[in-house]
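Encoded as structure tokens, the structure appears first; notes follow it.
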Protein chains: 2
Amino acid sequence: MKKSRKSTLTDLAKAIGMNVSTVSRALNDHPKISNKTKAKVKALAEKMDYKPNPLAQGLKKQDTKTIGVIFPTFDTNFFFRVLKGIEKVMHDKGYQIIISTAGNSAAQEKEACQALSSYHVGGIIIFLSYDHEDPSFLIDIQDEGIPLLFMDRIYEEIDANYVVSDDFKGMFETVSDFIDKGCKNIVHIKGSEEVSTSFSRLQGYQEALKEKGIEVNPDFIIKCEHESEVKSGLRNLLRKYTIEDIDLITCFNDYYAFQALELLKEKNISVPDDVSLLGFANDPLSTYTSPKLSTINQPAEHMGVQASYLLLDEMDKNRKGENYQYQTSMVNTFYLKRESTK
Amino acid sequence: MKKSRKSTLTDLAKAIGMNVSTVSRALNDHPKISNKTKAKVKALAEKMDYKPNPLAQGLKKQDTKTIGVIFPTFDTNFFFRVLKGIEKVMHDKGYQIIISTAGNSAAQEKEACQALSSYHVGGIIIFLSYDHEDPSFLIDIQDEGIPLLFMDRIYEEIDANYVVSDDFKGMFETVSDFIDKGCKNIVHIKGSEEVSTSFSRLQGYQEALKEKGIEVNPDFIIKCEHESEVKSGLRNLLRKYTIEDIDLITCFNDYYAFQALELLKEKNISVPDDVSLLGFANDPLSTYTSPKLSTINQPAEHMGVQASYLLLDEMDKNRKGENYQYQTSMVNTFYLKRESTK
DNA sequence: CTGTTAGCGCCTTCAG
DNA sequence: CTGAAGGCGCTAACAG
């Protein structure tokens, strides 16, 4: 380990026989530096392969050209796809991305936020996933001047930028369309109570039925905390009803739908001939099942891109001292027909 | 934006009427500080919610409690799974993870490395994916004292830690076993020339045949730069041969296998009754196909964990000035029978 | 055991 | 237009 050193501003200054501050200004295109010296300095910097030290810059300017991203877990592909979108624009703008996970507790979530804040990230994109008794730590972070952008879930109490997918609308419209096409008996396999999105998807389903004057049959709402409960839930349903009683099964997400599909296959029920099946999210896996899963597209990557732009915009306005108007960006979700629906 | 301030060492020192350095030492458990003052300082720190500024620490100590991870792209799930493993141990050890992608050029790859180095990350885990005319930038990074760990591919020229999966062995053993079970006519759908892993997987296939005294039929090696070429490749093969001529199709990865599966279905060829099909990697998708894909397991998450430990170990030894012996950790890959093979 | 001092690399007043 | 000096927050000699 030879510890070679990187050239610093001082090195440049010495080599060129100027003061550090002049060199610094030249590199930063300060208006009051002659073009000649600028050119000279820049040429030398190039030659000596000078790279400013972001740590020192950050210490001074309280701005590190980094942003933080906090996920709940690494379990669904959805997060990865969002990350891809974030990376795409942030990389373009010269920002580094620091990732963190909230693991499985509110405490860790808070910790992750504070860690990022202590690294003086320029902003944080977070999939907040716990209900905090005391969410003041989030406000604290905002007060430190670090913009917070919330993904996928809205907190009335906190004024900030939001990027959420309009799960309600996607489900509502899709179910409505199916009803128009003649479906009457529609099942919904509902996701975990802990996840806010499961609520809006359920709502979309319920409202569509109501609006079309179809009574919601409580038996037709199957609660599953986890995809592993889907099969037994569906089995129970099929004890009381036959598949002829059901036209369409809608699901909290694609993984749930896949479990449903497996059970239906086991029971020799053909999809979509005997019953239609609908997922949610458009996880890549949905193109790998057979039949290929019809689903409601949730544009993950686009959400990442959207979030990045919003965040950068807020950071920019903050820097300039302009005041900033928070936005909530609802990205559309829409029905994507493949093979599991008629 | 109210810009509340964080408490600093100086704040603490003032509040408690001691010198900054005493406070610093107390917090860092310096041996020559009385337990009484330590306790007092720590209590105050707690109360004032003091968090050290990692930027300042980093500037001083040249160590930022961060590590960098560089992926080629965000395309395969494999990377996400590895990342999960990395995150798990790094988070545990209090490290933040900065991610970067190499995008699609050697230049970007180099850039990403240098960016991370300028952030003074404690180490870098990289999936190097381009052949660089001049790989000296990698050596430079090592010379700066930043440990580099290469994933998934070995560079003879560079002395470093490596974590690779033993693709050759997994493929070799699996194909050998199939031959023992009576398979003779085995096809291999080969991956992109640009990817080193495609070579070792092919090798495993070829060597197994040779060792068992089976001549390698060049027609049976289908070259596909991308999974989108799989179907046409296979179609071509099936013009010259019938499915009775083939016992088993091995593939560069699970995505390739899935394409193959689709084509076989289109042709009404039943898997595994008419022909067996084998993927590689054990991507989550392989449990979602039907039949469920038999594959060769590449323990992605474990590789991430392994890499993290190796890297941390090197960082630790470096810090202590002990000399360090580089290691190459070969993680085993092995046959995972599901439904697509007999 | 604790205080003093210097400096990591950079930017930014304040003077020329 | 450029130089000198101070300081961001922290640590690490060097002195007591």
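Every chain is numbered from 1, with letters handed out A, B, ... down the list of sequences. Since the model is a prediction, treat every value here as computed from it, not as a measurement.
- Applying the 6.0 Å contact sphere to NZ of B:K40 captures no more than 12 heavy atoms from other residues, nucleotides or ligands.
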What side-chain donor-acceptor pairs closer than 3.5 Å can you find for residues 41-49 of chain A, not counting sequence neighbours?
{"unit_1": "A:K42", "atom_1": "NZ", "unit_2": "A:D29", "atom_2": "OD1", "d": "3.0"}
{"unit_1": "A:K42", "atom_1": "NZ", "unit_2": "A:D29", "atom_2": "OD2", "d": "3.4"}
{"unit_1": "A:D49", "atom_1": "OD1", "unit_2": "A:K51", "atom_2": "NZ", "d": "3.2"}

Atom pairs and distances, side-chain donor-acceptor, residues 147-155 of chain A, under 3.5 Å, sequence neighbours left out:
{"unit_1": "A:R153", "atom_1": "NE", "unit_2": "A:Y155", "atom_2": "OH", "d": "2.9"}
{"unit_1": "A:R153", "atom_1": "NH1", "unit_2": "A:Y155", "atom_2": "OH", "d": "3.4"}
{"unit_1": "A:R153", "atom_1": "NH2", "unit_2": "A:D131", "atom_2": "OD1", "d": "2.7"}
{"unit_1": "A:Y155", "atom_1": "OH", "unit_2": "A:L128", "atom_2": "O", "d": "3.1"}

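- In this structure, B:Y119 places its OH atom 17 Å from P of C:dG9, rounding to the nearest Å.
- With rounding to whole Å, A:D29 atom CG is found 13 Å from D:dT2 atom P.
- Take A:Y50 and apply the ring pair (Phe, Tyr, Trp, His ring centres under 6.0 Å) test, not counting sequence neighbours, and it matches no residue.
- C:dT12 atom P lies 14 Å from atom NZ of A:K32, rounded to whole Å.
- Rounded to an integer number of Å, the gap from NZ of A:K6 to P of C:dC8 is 16 Å.
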Task: Summary of protein contacts for nucleotides 10-16 of chain D, nucleotide by nucleotide, where a base hit scores B, a sugar-phosphate-only hit scores S (4.0 Å, heavy atoms) - done: BBBB---
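- Direction change of the helix axis from one end of the helix from C:dC1-D:dG16 to C:dG16-D:dC1 to the other is 50°, with five pairs defining each end axis (rounded to 10°).
- B:E314 is linked by a salt bridge (Lys or Arg N to Asp or Glu O under 4.0 Å) to nothing, counting only residues two or more places apart in sequence or in another chain.
- Residues passing the salt bridge (Lys or Arg N to Asp or Glu O under 4.0 Å) test with A:K110: none are found, sequence neighbours excluded.
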Pairs of donor and acceptor atoms involving the side chains of residues 320-331 of chain A, under 3.5 Å and at least two apart or interchain, shall be tabulated with distances.
{"unit_1": "A:K320", "atom_1": "NZ", "unit_2": "A:D316", "atom_2": "OD2", "d": "3.1"}
{"unit_1": "A:Y324", "atom_1": "OH", "unit_2": "A:N161", "atom_2": "ND2", "d": "3.1"}
{"unit_1": "A:S329", "atom_1": "OG", "unit_2": "A:Q306", "atom_2": "NE2", "d": "3.3"}

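- Applying the ring-ring contact (aromatic ring centres under 6.0 Å, His included) test to residues at least two apart or on different chains, the pairs with a partner in residues 54-74 of chain B are A:F80-B:F74, B:F71-B:F74, B:F71-B:F79, B:F71-B:F127.
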